[in-house]
Amino acid sequence: MSEQSNTPVPSSETAPRAIAAVIPAMDEADRIAATVRSAKQIPGVDIIMVVDDGSSDDTGVRARRAGAEVVTHRKNKGKAAAMMTGAFAIRNREISDSDPNQRPNHRALLFIDGDLEDSALNTAPLAAPVLAGEADMTIAILPAQKRKGGGFGFVVGLAKKGIAELSGFDATQPLSGMRCLSREAFDTALPFAAGWGVETAMTIDVVNAGLRVEEVECDLHHRVTGKDLNAQLHRAAQYRDVARAILVRRLRAKKQNGTSPSTEKETTQ
Ligand SMILES: O=c1ccn([C@@H]2O[C@H](COP(=O)(O)OP(=O)(O)O[C@H]3O[C@H](CO)[C@@H](O)[C@H](O)[C@H]3O)[C@@H](O)[C@H]2O)c(=O)[nH]1
Ligand SMILES: O=C(O)[C@H](O)COP(=O)(O)O
């Protein structure tokens with residue numbers, strides 16, 4: 001477990017009081033119902049928002065039947081865009097539900113992958129430090145998975161080095177997508193880096209804003225990426241997105257230090 005701390009603990013008035021779970025999901029029909037049912041049991045969670053990211057199966061229908069609210073991307077937009085769609089749907093609801101004379105008390109956002117099935121409940125320890133106002137972002141550290149993956153460590157290594165170089169943070173599992181964010185941390189991380197670069201960029205941006213990031217061990221299982229051609233193509237896409245997120249931030253840091261590179265662009269897809 002590691003922690004980075006630069007700012008004072010926020011008062012209990014600004015700490016979130018409830019949690020909204022956001023679940024980006026593409027073609028997770030076999031797993032989404034179990035994930036939703038398990039996430040519903042997390043103490044403090046009162047909204048489960050599944051973003052069906054252009055699935056070709058009935059992920060959305062199964063999520064709704066299991067008790068989630070569902071927002072649908074008609075076409076696939078990538079994990080980062082699905083996370084943002086879910087988070088903004090919750091923010092809009094909080095604004096419309098609030099008294100016009102009062103600022104809405106935003107929920108903490110718990111991002112959960114759609115393939116956690118009955119282990120989704122074990123993301124609960126991510127919420128406690130954020131609700132207590134002791135951390136602004138928590139990141140799950142997963143145990144070794146029963147089924148071994150076919151990775152070479154290229155993407156993980158790239159993300160880990162980039163995060164260390166640009167923020168000084170030593171990320172144990174830099175790609176881990178199970179995270180709980182306060183609203184301040186969420187706002188700091190906007191706009192999310194595209195696709196698979198979202199976690200790497202988020203860690204760099206939140207740490208550099210002086211917010212407190214804490215890693216928490218969670219007993220989670222998920223579908224591991226295998227060794228076949230599709231798996232290697234998936235890794236190539238991860239590598240591309242992580243590399244782009246790092247490059248954008250490296251250029252940004254150079255610009256802040258006085259030089260001005262001409263190409264600095266990042267859009268969420
Ligand atoms: O276009 C997409 C692709 C995936 N997903 C969902 O995103 C989640 C994570 O996708 P998955 O294929 O399980 O990713 P992994 O290869 O397991 O990715 C690891 O690495 C990613 C960063 O590269 C992190 O986002 C993940 O949390 C982490 O498990 C799942 O719920 C997917 O259904 C989308 O919503 N849209
Ligand atoms: O399988 C994985 O862990 C991810 O797809 C990352 O791949 P990598 O092991 O090549 O970094």
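As the structure is a prediction and not an experimental result, all values here were calculated from the model. Counting starts at 1 for both ligands and their atoms, in listed order. Only heavy atoms go into these numbers, but all of them, side chains included; no hydrogens, no water, no symmetry mates.
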List ligand 1 atoms under 4.0 Å from [X], heavy atoms only on the residue side.
| X | value |
| --- | --- |
| Gly78 | 1 (O), 36 (N) |
| Asp113 | 8 (C), 9 (C), 26 (C), 27 (O), 28 (C), 29 (O), 31 (O) |
| Ala25 | 33 (O), 35 (O) |
| Asp115 | 13 (O) |

Q) How would you list all residue pairs meeting side-chain hydrogen bond (donor to acceptor under 3.5 Å, both in side chains) that involve residues 38-51, not counting sequence neighbours? A) Asp46-Arg107
Is the closest basic N to carboxylate O distance between [X] and [Y] below 4.0 Å?
| X | Y | result |
| --- | --- | --- |
| Arg91 | Glu94 | no |
| Arg249 | Asp205 | yes |
| Glu199 | Lys79 | yes |
| Lys160 | Asp170 | yes |
| Asp57 | Arg62 | no |
| Glu28 | Arg223 | yes |
| Asp136 | Arg183 | no |

So is [X] polar-close to ligand 1, meaning N/O to N/O under 3.5 Å?
| X | answer |
| --- | --- |
| Gly114 | yes |
| Ser176 | no |
| Gly177 | yes |
| Ala82 | no |

So which bit of [X] gets within less than 4.0 Å of ligand 1, heavy atoms only: side chain, backbone, both or neither?
| X | value |
| --- | --- |
| Val198 | neither |
| Thr225 | side chain |
| His222 | side chain |
| Lys79 | both |

Specify the protein heavy atom at minimum distance from [atom]: its residue, its atom name, and the distance to 0.1 Å.
| atom | answer |
| --- | --- |
| atom 6 (C) of ligand 1 | Pro24 O, 3.5 Å |
| atom 15 (P) of ligand 1 | His234 NE2, 3.8 Å |
| atom 10 (O) of ligand 1 | Trp196 CH2, 3.5 Å |

Q | Residue pairs passing the ring pair (Phe, Tyr, Trp, His ring centres under 6.0 Å) test where at least one lies in residues 62-92, sequence neighbours excluded | A | Phe88-Phe186
(Q) Strictly by ring pair (Phe, Tyr, Trp, His ring centres under 6.0 Å), give each pair with a member in residues 194-234 just once, sequence neighbours left out. (A) Trp196-His234
Q) How long is the span from the CG atom in Asp187 to the OG atom in Ser182, to the nearest 0.5 Å? A) 8.5 Å
Q.
Quick one about Asn122 and Ser119 (side-chain donor to acceptor, distance below 3.5 Å, no hydrogens or angles considered), yes or no?
A. no
Q: Check the side chains of Glu117 and Thr35 for a donor-acceptor pair under 3.5 angstrom, ignoring hydrogens and angles.
A: no
(Q) If we only consider heavy atoms of Met83, is any one of them less than 4.0 Å away from an atom in ligand 1? (A) no
Q. Contact residues of ligand 2 with a heavy-atom cut-off of under 4.0 Å?
A. Gly151, Phe152, Gly153, Phe154, Val155, Val156, Thr225, Arg235, Gln238
